[in-house]
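Here is the naming used below: chain letters follow the sequence lines, and residue numbers restart at 1 for every chain.
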2 protein chains.
Amino acid sequence: MKWDEVSNQQCSVARSSSVLGDRWTLLILSDCFLGVRNFDQFQERLEIPRTTLANRLQKLELHDVIYRKLYQTNPDRFEYRLTDKGRDLYPVLSTILNWGDKYYSDEAGPPILRQHVSCGHDIQPVLQCPECEEVVDAHNVHARTRPQYGSYPDVKRGPILRRG
Amino acid sequence: MKWDEVSNQQCSVARSSSVLGDRWTLLILSDCFLGVRNFDQFQERLEIPRTTLANRLQKLELHDVIYRKLYQTNPDRFEYRLTDKGRDLYPVLSTILNWGDKYYSDEAGPPILRQHVSCGHDIQPVLQCPECEEVVDAHNVHARTRPQYGSYPDVKRGPILRRG
DNA sequence: CGACAAAGTCCATTTTTCAGACTAACTATA
DNA sequence: TATAGTTAGTCTGAAAAATGGACTTTGTCG
């Protein structure tokens, strides 16, 4: 399959991956959440090729994850900011951070600490069930394909069934 | 910067991205969580080029995210399974799924439903504070660079400070 | 014996990425 | 008024990675 066909799949991970799934995008977004807004600042911090950075920012803007805000005229200059849709990626970045902290920290611990403003604790946010508040992991969740809906085609790539 | 240098950075997102950040890896892992284990099954479901799939599986094995389990001899054949480290990526995939469900569902709703086994509800897990149980989002968390530790170099790419 | 299966490898072509130089449109400095 | 600096890109040729399809290997099945 060609890469630009991936997003047509009936799969939320596929559609998300077509936006997020490359070398640099997650890092760019991470910097967005850390407050980076300008082209050169992204470029210097990430040491990303300028061409690649320009392409990525354009793509993220196209997908409404970031937007360009005019902050100067003559010449017009823009800064890049997260949209609401982009800010909704915080849980993704946060769980990636958790994973990296767990498996790739050095002796000095996680490089970046996160304080929950509401309660003051340094935390690693966890995934919980919104109904019963229990912490959720892979074994606790059972995936199933949605029922047939009107004339919509069947969902491919559903869960594999195994005899219990 | 070359891609294989990204993982040397002192940043958990960078280190994680060096494993997860490409076109196919998230999709492969998604299939792992859905129970896919065999080479051809990955290949058919994802329509990924066989060469690329072989490379990705090798890389994921190298990073101890999946392992190969012998399931037949003469000829030896292996299936691919998540390690504990791989299973710890469930929150990442789950939050990506949430985001895709929110922004890319069609009229028929999310393609795959997730039931919390413990309480029976169909859910989208949410990120919460392990200390105070509050739901966490970008505005609720304050990132800061860790303090200097022994002879470790300063953390680059920390949060940008702005006047309040 | 011929077809089929699973898990790859090989190869030629196309697409992306990379590093670094260059451009445009100003502002600040000497 | 020249000169340098700033910001946000674009252009370019070389290197690396992805792609699609055929091929290989080591068996089993009918």
Applying a 4.0 Å non-hydrogen cut-off, can you work out what Asn38(B) is touching in the nucleic acid: base, sugar-phosphate, or nothing? sugar-phosphate
Residues that Glu131(B) engages under salt bridge (charged side-chain N to carboxylate O under 4.0 Å, His left out), provided they are two or more places apart: none
Which residues pass the salt bridge (charged side-chain N to carboxylate O under 4.0 Å, His left out) test with Glu79(B), not counting sequence neighbours? Arg81(B)
For Arg23(A) and for Gln41(A), locate the closest nucleotide of DNA chain D by heavy-atom distance; then report the residue assigned to the nucleotide nearer the 5' terminus. Gln41(A)
Do any N or O atoms from the side chain of Thr52(B) and from the backbone of Ile48(B) form a donor-acceptor pair under 3.5 angstrom? no
Identify each donor-acceptor pair in which a side-chain atom of residues 133-148 of chain A lies under 3.5 Å from a protein atom, sequence neighbours left out, and give them as a table.
residue   : atom : partner   : partner atom : Å
Glu134(A) : OE2  : Ser118(B) : OG           : 2.7
Asp137(A) : OD1  : His139(A) : N            : 2.9
Asp137(A) : OD1  : Asn140(A) : N            : 3.2
Asn140(A) : OD1  : Ser118(B) : OG           : 3.0
Arg144(A) : NH1  : Asp122(B) : OD1          : 3.0
Arg144(A) : NH2  : Asp122(B) : OD2          : 3.0
Arg146(A) : NH1  : Asp106(B) : OD1          : 3.3
Arg146(A) : NH1  : Gly109(B) : O            : 2.5
Gln148(A) : NE2  : Tyr152(A) : O            : 2.5

For the residue pair Lys85(B) and Tyr103(A), what are the closest heavy atoms and their distance? CA-OH, 3.4 Å
With a 4.0 Å heavy-atom cut-off, tell me which residues in residues 2-22 of chain B come close to DNA chain C, sorted by residue number. Lys2(B)
Remember a base hit wins even if backbone is also touched, and classify Tyr71(B) as base, sugar-phosphate or nothing at under 4.0 Å, heavy atoms. sugar-phosphate
Let me know the distance between CD1 of Ile28(B) and P of dA18(D), rounded to the nearest Å. 11 Å
Does anything in residues 43-67 of chain A come within less than 4.0 Å of DNA chain C? Heavy atoms only, and list the residues if so. Pro49(A), Arg50(A), Thr51(A), Thr52(A), Arg56(A)
Mind checking if Tyr80(A) touches a base, just sugar-phosphate, or nothing, with heavy atoms under 4.0 Å? sugar-phosphate
Sorted by chain and number, sequence neighbours left out, salt bridge (charged side-chain N to carboxylate O under 4.0 Å, His left out) with Lys156(A) holds for none
Name every donor-acceptor pair, under 3.5 Å, that has one atom in a side chain of residues 58-76 of chain A and the other anywhere in the protein, sequence neighbours excluded.
residue  : atom : partner  : partner atom : Å
Lys59(A) : NZ   : Ser18(A) : O            : 2.9
Gln72(A) : NE2  : Pro75(A) : O            : 3.2

Shortest non-hydrogen separation from Gln10(A) to Val155(A) and the atoms involved: OE1-CA, 3.4 Å
Salt-bridge present (Asp88(A), Lys102(B); N to O < 4.0 Å): yes
I need the full list of salt bridge (Lys or Arg N to Asp or Glu O under 4.0 Å) pairs touching residues 5-14 of chain A, with sequence neighbours left out, sorted by first then second residue. none
Please name all residues satisfying salt bridge (charged side-chain N to carboxylate O under 4.0 Å, His left out) with Asp31(A), sequence neighbours left out, ordered by chain then number. Arg45(A), Arg157(B)
Check whether the side chains of Thr25(A) and Asp22(A) place a donor and an acceptor atom closer than 3.5 Å, and report yes or no. yes
Outer limits of DNA chain C sitting under 4.0 Å from a non-hydrogen atom of chain A, read 5' to 3', are dT17(C) to dC26(C)
Distances for protein N or O near nucleotides 24-30 of chain D N or O, under 3.5 Å:
residue : atom : partner  : partner atom : Å
dG27(D) : OP1  : Asn74(B) : OD1          : 3.1

Can you check whether Arg37(A) has a side-chain N or O nearer than 4.0 Å to OP1 or OP2 of dA8(D)? no
Kindly write out the residues that satisfy side-chain contact (heavy atoms from CB on, under 4.5 Å) with Ser94(B), not counting sequence neighbours, or none if the list is empty. Leu127(A), Tyr90(B), Arg114(B), Pro125(B)
Can you check the Leu70(A) CG to dT7(D) C1' distance for me, whole Å? 13 Å
